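Everything on this sheet refers to the single structure shown next.
Start at 1 with the first residue, then count along the sequence. Quantities reported herein were computed from a predicted structural model and do not represent experimental measurements.
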Amino acid sequence: MALKTPSTFLSPLFLPKHYTLSIFNPASLNIYRKPTPLSCKSTHSHSPSQLPLSDTKLLSSEPEGTGAASPTRGDRFLERQQADEAAKLLIKEIKKTKKKTKKVLKVNTATACCYGCGAPLQTSEVDAPGFVDMDTYELKKKHHQLRTILCGRCRLLSHGHMITAVGGNGGYSGGKQFVSADELREKLFHLRYEKALIVKLVDIVDFNGSFLSRVRDLAGANPIILVVTKVDLLPKGTDFNCVGDWVVEAITKKKLNVLSVHLTSSKSLVGIAGVASEIQKEKKGRDVYILGSANVGKSAFISALLKMMAQRDPAAAAAQKYKPIQSAVPGTTLGPIQIDPFLGGGKLYDTPGVHLHHRQAAVVHSEDLPILAPQSRLRGQSFPVSSKNGMVGKFNSDGLNGFSIFWGGLVRIDVLKVLPETCLTFYGPKKLPIHAVPTHEADEFYKKELGVLLTPPTGKDRAGEWRGLETVQQLQINFEDAERPASDVAISGLGWITIEPRRESLGISESNFSETTKQLDIVVHVPKPVEIFVRPSIPVGKAGAEWYQYRELTEKEEEIRPKWYF
């Protein structure tokens with residue numbers, strides 16, 4: 001092989017970039033032949049995974065040419081350095097990504113749950129939710145049919161048994177408590193991080209108590225469809241045009257942005273078709289979550305929705321076979337229940353009810369809960385009772401002044417100063433008796449008749465454990481037009497009381513009172529921590545359509561105001 005000239009070895013192309021040739025002395029340069037490469041093998045084996053990145057590259061690298069075409073040691077060193085730096089940067093980026101990623105609790109579909117209540121299936125504790133006997137569990141597991149199991153608690157609930165399972169803040173006293181209300185709320189927190197369509201349910205009988213004013217804490221920025229349930233319970237002759245406008249006005253004051261408002265009845269299927277159409281329009285491939293307070297009628301609404309959708313969608317018809325259980329017990333659903341009613345993607349979830357500590361259901365005994373749930377159309381009970389000849393009973397020409405009215409053992413109204421023709425009309429469960437006595441006899445009457453005439457609580461044993469009506473709130477209700485109701489006093493979890501300043505049917509002469517009085521003074525007693533709401537009167541019955549007034553809207557209000565459907 002011919003000898004290389006000095007220019008070959010000292011060419012700048014083969015020197016590392018940080019080396020420069022300052023002085024060149026040809027006399028001091030020794031000429032060498034190209035050395036013969038030697039291959040050495042170590043007696044100790046090293047796996048590439050046990051060596052640094054640069055060493056691994058050296059072991060796996062092959063000679064890349066000879067002579068002028070081969071890379072120098074400086075070039076190989078620079079390549080190793082650059083590879084190491086790139087690996088370090090990649091590791092740093094991965095660590096930053098892991099720190100930014102939030103751990104979000106999602107619906108766990110891997111765990112087998114009861115299709116009726118959503119509780120995880122278990123075979124150890126007989127009285128607990130989700131129990132199923134071992135033989136049934138093993139058989140269903142063998143045939144991959146765990147999703148078709150109904151737990152023992154749901155079977156009892158379907159036969160009318162009142163079995164509570166929720167305790168804690170917002171739970172129920174009496175009975176066994178297997179899960180707290182806070183734990184059920186935690187199962188809904190993941191919604192704010194997901195892209196979903198929220199269908200929020202509100203009970204028209206307990207509109208304020210079941211509204212969930214802080215629903216955005218759970219739903220995040222997801223779009224909301226508002227569904228008002230149980231409108232079939234409103235008094236006969238109610239104009240739903242007035243009720244729909246009243247509901248939209250109420251949610252506008254609460255500053256809740258919704259896509260639309262629907263008045264529905266799960267029992268008669270009124271308004272359900274409109275909700276189904278709106279869901280299909282707004283779903284856009286997202287999952288749909290049914291959200292609402294406990295016992296607002298979510299499971300009944302889902303059954304009605306599936307029944308309506310099944311007429312056109314075979315997937316909804318198949319989903320009807322395993323639908324959530326319905327019960328009068330608040331807290332029937334204990335976990336998210338997945339339903340597959342859509343052919344075009346997305347799932348429907350029945351969620352645990354949000355248990356609110358300020359409702360009457362949270363303070364009464366579990367066995368008294370059915371009393372609080374109206375089963376038929378409401379009929380207002382008015383005091384004082386009127387007839388053709390005027391007032392009936394113990395009331396005199398001064399009307400209700402100086403009287404106290406008990407609504408079961410749960411509410412007491414002391415009338416301090418009202419007009420002689422003022423009338424109070426109670427809308428709520430028919431099983432709650434109403435009694436009026438002079439205010440100076442009210443304390444003794446309540447103590448004597450609690451658990452007997454005044455129920456719930458039912459029975460003297462439960463009355464002995466009753467803490468009484470600890471919350472006392474004095475209300476001053478102003479009015480402008482004596483011919484229209486002044487306002488409603490709504491009791492959370494029970495119903496409402498409409499206050500009419502003047503009812504002509506009572507037959508009291510106008511000379512008996514002064515028109516200058518524009519204020520009504522009453523005192524309301526309820527158990528702690530039940531809440532009291534004063535609101536504009538809801539227009540129910542035939543009279544509601546006569547006195548209700550629609551508010552004139554601006555063009556901007558017309559644009560942003562949600563539409564309601566019935």
Side-chain angles (χ1 to χ4, degrees), residues 206-209 211 213 242-243 245-255 358 380-384 386 391 395 397-405 407 411-428 434 436 439 442 469 471-492 494-526 530-541 543-553 557:
D206 184 27
F207 185 84
N208 295 82
F211 189 79
S213 57
C242 299
V243 175
D245 186 78
W246 181 88
V247 170
V248 173
E249 285 291 319
I251 65 173
T252 302
K253 290 180 180 179
K254 293 178 180 292
K255 298 181 180 180
H358 59 73
Q381 189 169 347
S382 301
F383 283 86
S386 61
M391 289 185 295
F395 304 101
S397 60
D398 201 22
L400 291 174
N401 288 295
F403 277 86
S404 294
I405 303 175
W407 199 0
V411 182
R412 169 181 166 180
I413 308 290
D414 294 338
V415 183
L416 302 183
K417 183 181 178 181
V418 298
L419 303 180
E421 289 183 334
T422 296
C423 180
L424 271 62
T425 304
F426 293 74
Y427 293 94
I434 303 178
T439 301
L469 308 178
T471 299
V472 180
Q473 187 171 342
Q474 184 170 348
L475 305 178
Q476 295 179 342
I477 300 173
N478 299 315
F479 64 92
E480 294 295 331
D481 187 357
E483 305 301 327
R484 300 174 64 249
S487 65
D488 288 346
V489 177
I491 310 299
S492 182
L494 189 62
W496 76 94
I497 306 158
T498 298
I499 301 177
E500 300 175 69
R502 178 181 175 189
R503 178 176 283 190
E504 296 181 357
S505 60
L506 294 180
I508 299 178
S509 173
E510 294 186 12
S511 60
N512 293 339
F513 67 93
S514 173
E515 283 288 352
T516 59
T517 304
K518 297 293 184 180
Q519 180 176 296
L520 309 176
D521 296 335
I522 63 174
V523 177
V524 182
H525 306 249
V526 293
V530 173
E531 289 191 3
I532 302 166
F533 303 94
V534 180
R535 69 187 190 191
S537 294
I538 181 173
V540 296
E546 298 175 1
W547 59 257
Y548 186 74
Q549 296 178 349
Y550 292 90
R551 184 170 64 88
E552 294 184 5
L553 304 174
E557 287 177 328

Lys/Arg cation over aromatic W496: R535, 6.0 Å, 45° cone: yes
message: Side chains of T425 and T498 only: does a donor on one sit below 3.5 Å from an acceptor on the other?
response: no
- prompt: Considering only heavy atoms from C-beta outward, does the side chain of T422 approach that of L520 to under 4.5 Å?
  reply: yes
query: At their closest point, which heavy atom of W547 faces which heavy atom of P539, and how far apart are they?
result: CZ2-CA, 3.7 Å
- prompt: Does the side chain of F211 come within less than 4.5 Å of I251's, by heavy atoms?
  reply: yes
task: Nearest 0.5 Å please: distance from the CZ atom of F403 over to the CG atom of D398.
output: 9.0 Å
message: Is the shortest side-chain heavy-atom distance between I497 and W407 below 4.5 Å?
response: yes
statement: Minimal heavy-atom distance between I522 and V415, with the atoms involved, is CG2-CA, 4.3 Å
query: What pairs with Y548 under ring-ring contact (aromatic ring centres under 6.0 Å, His included), at least two apart in sequence or on another chain?
result: Y550
Euclidean distance, H525 NE2 relative to S404 OG, rounded to 0.5 Å: 6.5 Å
Heavy-atom closest pair, residues E557 and E552: OE1-O, 4.2 Å
task: Please check if any side-chain donor atom of S487 sits under 3.5 Å from a side-chain acceptor atom of S537, or the reverse.
output: no
Side-chain heavy atoms of K518 within contact of N478, under 4.5 Å: no
- request: For I499 and P501, work out which heavy atoms get closest and say how close.
  value: O-CD, 3.7 Å
- prompt: D488 side chain to A490 main-chain N or O, any donor-acceptor pair under 3.5 Å?
  reply: no
query: How many angstroms lie between atom SG of C242 and atom CD of E546, to the nearest 0.5 angstrom?
result: 10.5 Å
message: With a 4.5 Å cut-off on side-chain heavy atoms, are I538 and V247 touching?
response: no
message: Go through it in stages, so that I can follow the logic: the residues are Q519 and K417, the test is side-chain contact (heavy atoms from CB on, under 4.5 Å), and I'd like the CA-CA distance, side-chain angles, deciding distance and then a yes or no.
response: CA-CA 8 Å; Q519 180 176 296; K417 183 181 178 181; over 6 Å; no
statement: Only residue of L416, V418, I477 satisfying side-chain contact (heavy atoms from CB on, under 4.5 Å) with D521 is L416
task: Evaluate the criterion side-chain contact (heavy atoms from CB on, under 4.5 Å) for residue pair L400 and L424; output intermediate values, then yes/no.
output: CA-CA 9 Å; L400 291 174; L424 271 62; 3.7 Å; yes
message: Checking V526 against L469 for the side-chain contact (heavy atoms from CB on, under 4.5 Å) test, could you report, in this order, the C-alpha distance in whole Å, the side-chain angles of both residues, the deciding distance, and whether it holds?
response: CA-CA 5 Å; V526 293; L469 308 178; 5.5 Å; no
query: Looking at side-chain heavy atoms only, is the closest gap between R412 and T439 below 4.5 Å?
result: yes
query: Side chains of L419 and F479: closer than 4.5 Å at any heavy-atom pair?
result: yes
- request: Take K254 and N208, measure what side-chain contact (heavy atoms from CB on, under 4.5 Å) needs, and give me the verdict at the end.
  value: CA-CA 11 Å; K254 293 178 180 292; N208 295 82; 4.1 Å; yes
message: According to side-chain hydrogen bond (donor to acceptor under 3.5 Å, both in side chains), who are the partners of S492, at least two apart in sequence or on a separate chain?
response: H358
- prompt: Heavy-atom distance under 4.5 Å between the side chains of Y427 and V540, does that happen here?
  reply: yes
statement: Scanning both residues in full, the closest heavy-atom pair of Q473 with L475 reads NE2-CD2, 3.6 Å
